[in-house]
Amino acid sequence: MFNPILAVNNLGRVSINAIGGLGHAGIFMLRGISGCICYPWGYTRFSDQLLFIGAKSVFVVALVGLFTGMVMSLQLYKTLVQFGAEGVLGAAVARSLILELAPVLASLVIAGRAGSAMAAELGIMRISEQIDALDTMDISPIKFLFTPRLLASILSFPLLTAIFNVVGIFGAYLIGVCLLGADNGIFWNSMISTIDMYDIICGLIKPLFFGFVTAWICCYRGYFCTTLRGGGQGAKAVGFATTSAVVISSVWILILDYILTSFMF
Amino acid sequence: MPDPLIEFCNVSKKFGNLTILDNINFSIPKGQITTIIGKSGMGKTVILKHLIGLMAPDSGHILFEGKKLSELGRRERSFMKSKSGYMFQNVALFDSMTAFDNIALPLREKTKMSEFDIYLKVMGRMEKLEIDHIADKYPAQISGGMQKRVGLARVLVMEPEIILFDEPTTGLDPVRKNAVHAMIAQMQAELKFTAIMVSHEIPDIFYFSHKVAMLDQGHIIAEGAPDDVQTNNNEIVQQFIQGSSSLRDALTGLSHKGTLAHQFEHEFDRVAQGNPFAGLLVFRVKNIDKINNYLGFSVGQELFRRLAERVSSAVGQNHYNGKYSDDIVVAMMPGVDVETASKVIKAVQEDINKQSLLLSAGHKPLSYSIEAGVVMAHKGNDFDKLITNVCDKLDNIGNFETN
């Protein structure tokens, strides 16, 4: 039987937990940001993370970008040609890629690859007391572990998105022009006339936010893996933190994409 | 006793419904080694984690140099941490860094030393702990003993004033265990830091600790100098200490003092008529404490065991011998007079002078000597009194040196 008092009680408990959790994560994020402005800077750790999150993701991002551009070109050409509008193929592919597909798909790929690694690495450090060891040495674990990952993600996500754009458009060109026979000049001209600098900047601002959110969620989940609700302890906690970090950051990438798009356009 | 550096005042801690610390009160003196003993799962590590700030008490407070830890500001707390070092039970080395980088990390992060100076300092520490050859190895590539030493080097490299050791010898073989204990005692004597150690290594910890506290069921049930704790009448304390002593005697293969006393009484009861008597032979190893401290308990045990073997073969069958204390072997020869007993002592003397008891300890030489004496025992004599009396007039039967 429905008990209104119990329902209100549960709602209150869930709300308090949610707000508490958000506050906890918010403090974690603020301490990570404050780590950027406190000595020592930790250039080496930042460059290591830039290498791992950025440089080592280039291949997989480029691969996804290439096939995304190719399949889009294939599908769009077959649809547009029915209306005699194959001339806008370049514009359609470029607009879709630059504004939506590249930021979202590149971010999802990096979240799957680097985000899971961040959560797992920090989770293992937590369960093996390495994080406590940093704390006992008076080294801020958040600044030591989270800050370089946060900065490297903010920088890497837009750069990888740019690579996704270029490779995706090249893939579309290969299929549309070289394979299906669309006009080369019209393909590029339609693209240039439709895309302006504002579109490109907006397309690169989005992944900046995605990178921020991905690093925040993945590092937070890994860092506090042993205290997560339903996470358990030990290896199980690390597994749960890793999976949930990727799922939550992927969902937030899609939610943020909608919010940012509604503000930008 | 020096001034207390840290004081626990009515500190309580619970995990869910489980009370780990229940209103505990005890102090840690400055510049000494304090060891916390107790059964597993009694909350010894929890005490250490409270000290370093990884946990906070549910009630009560911890005083550091007279100030409440909970009231220290961020800077004061940071200052306190910078003066402290913590050696974790599982060492907690950074597994993605080499041994060198692990030790260098606090220097790189907390000082402005040049990379060259860091190199010199880290390598100096590594050489001292004999781990300089594994500088470029990762923790997974080195043994548990090496990992412990890397952990110790990481703690010592910042020259902290307070070091917390959480079971530093768990999982080590006896030789490595003695080496780690000797290292801690030696470093403490040299650097004068305050050491707080959690350990199960009885009796080793009694040799180098200045203070021992025993934790049981959330309470400190014994606290004080090692001798005071060893002679504490509390049943749980004695059970804990005896638990280790039984094993120790099993290692030497000798009877306990209690068994010896029982045999002494039983022997006279067996003889119904006449005036039964027995020769009691007492052998004492002088300087065994030094051997235990500097060469390790296992070396001292080996020396003791070998002496008992020689005594046993000299007194022959149908006689008893056993361990009266950490440095005394007693042999009982029923029906044997002083003259015959003295001949047995002479035989032992010749035997041990022919072949040294400790052939090679593999360390720096330490001198020790063996003393012996004999006393006649009759029915009704007090066993302990006889031994105490003869101990005052023992004769030297050999001076030796470990090599």
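Computed from a predicted model, the values in this text were never measured in an experiment. Every chain is numbered from 1, with letters handed out A, B, ... down the list of sequences.
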In B/Lys83, B/Lys110, B/Met158, the residue satisfying side-chain contact (heavy atoms from CB on, under 4.5 Å) with A/Asp138 is B/Lys110
Is it the backbone or the side chain of A/Ile131 that comes under 4.5 Å from a heavy atom of chain B, or both, or neither? neither
Indicate yes or no: does B/Glu109 engage A/Lys143 in a salt bridge with an N to O separation below 4.0 Å. no
Nearest 0.5 Å, please: how far is [atom2] in [Y] from [atom1] in [X]?
{"X": "A/Thr136", "Y": "B/Met87", "atom1": "OG1", "atom2": "CE", "answer": "12.0 Å"}
{"X": "B/Asp95", "Y": "A/Ile124", "atom1": "CG", "atom2": "CD1", "answer": "7.5 Å"}
{"X": "A/Met137", "Y": "B/Ser84", "atom1": "CE", "atom2": "OG", "answer": "12.5 Å"}
{"X": "A/Asp132", "Y": "B/Tyr86", "atom1": "CG", "atom2": "OH", "answer": "8.5 Å"}
{"X": "B/Leu105", "Y": "A/Ile139", "atom1": "CG", "atom2": "CD1", "answer": "4.0 Å"}

Taking atom [atom1] of [X] as the centre, does the number of heavy atoms from other residues, nucleotides or ligands within less than 6.0 Å exceed 12?
{"X": "B/Phe79", "atom1": "CZ", "result": "no"}
{"X": "B/Glu130", "atom1": "CD", "result": "no"}
{"X": "A/Arg31", "atom1": "CZ", "result": "no"}
{"X": "B/Tyr119", "atom1": "OH", "result": "no"}
{"X": "A/Phe209", "atom1": "CZ", "result": "no"}
{"X": "A/Ile5", "atom1": "CD1", "result": "no"}

Measure distances from B/Arg154 to the heavy atoms of chain A and classify the residue's part below 4.5 Å as side chain, backbone, both or neither. side chain
Side chain from CB out, backbone as N, CA, C, O: work out which of these in B/Leu164 comes under 4.5 Å of a heavy atom of chain A, or both, or neither. neither
Smallest heavy-atom separation, B/Phe94 atom then A/Ala133 atom, equals CZ-CB, 4.2 Å
Minimal non-hydrogen separation, A/Glu129 against B/Ala92, with atom names: O-CB, 3.6 Å
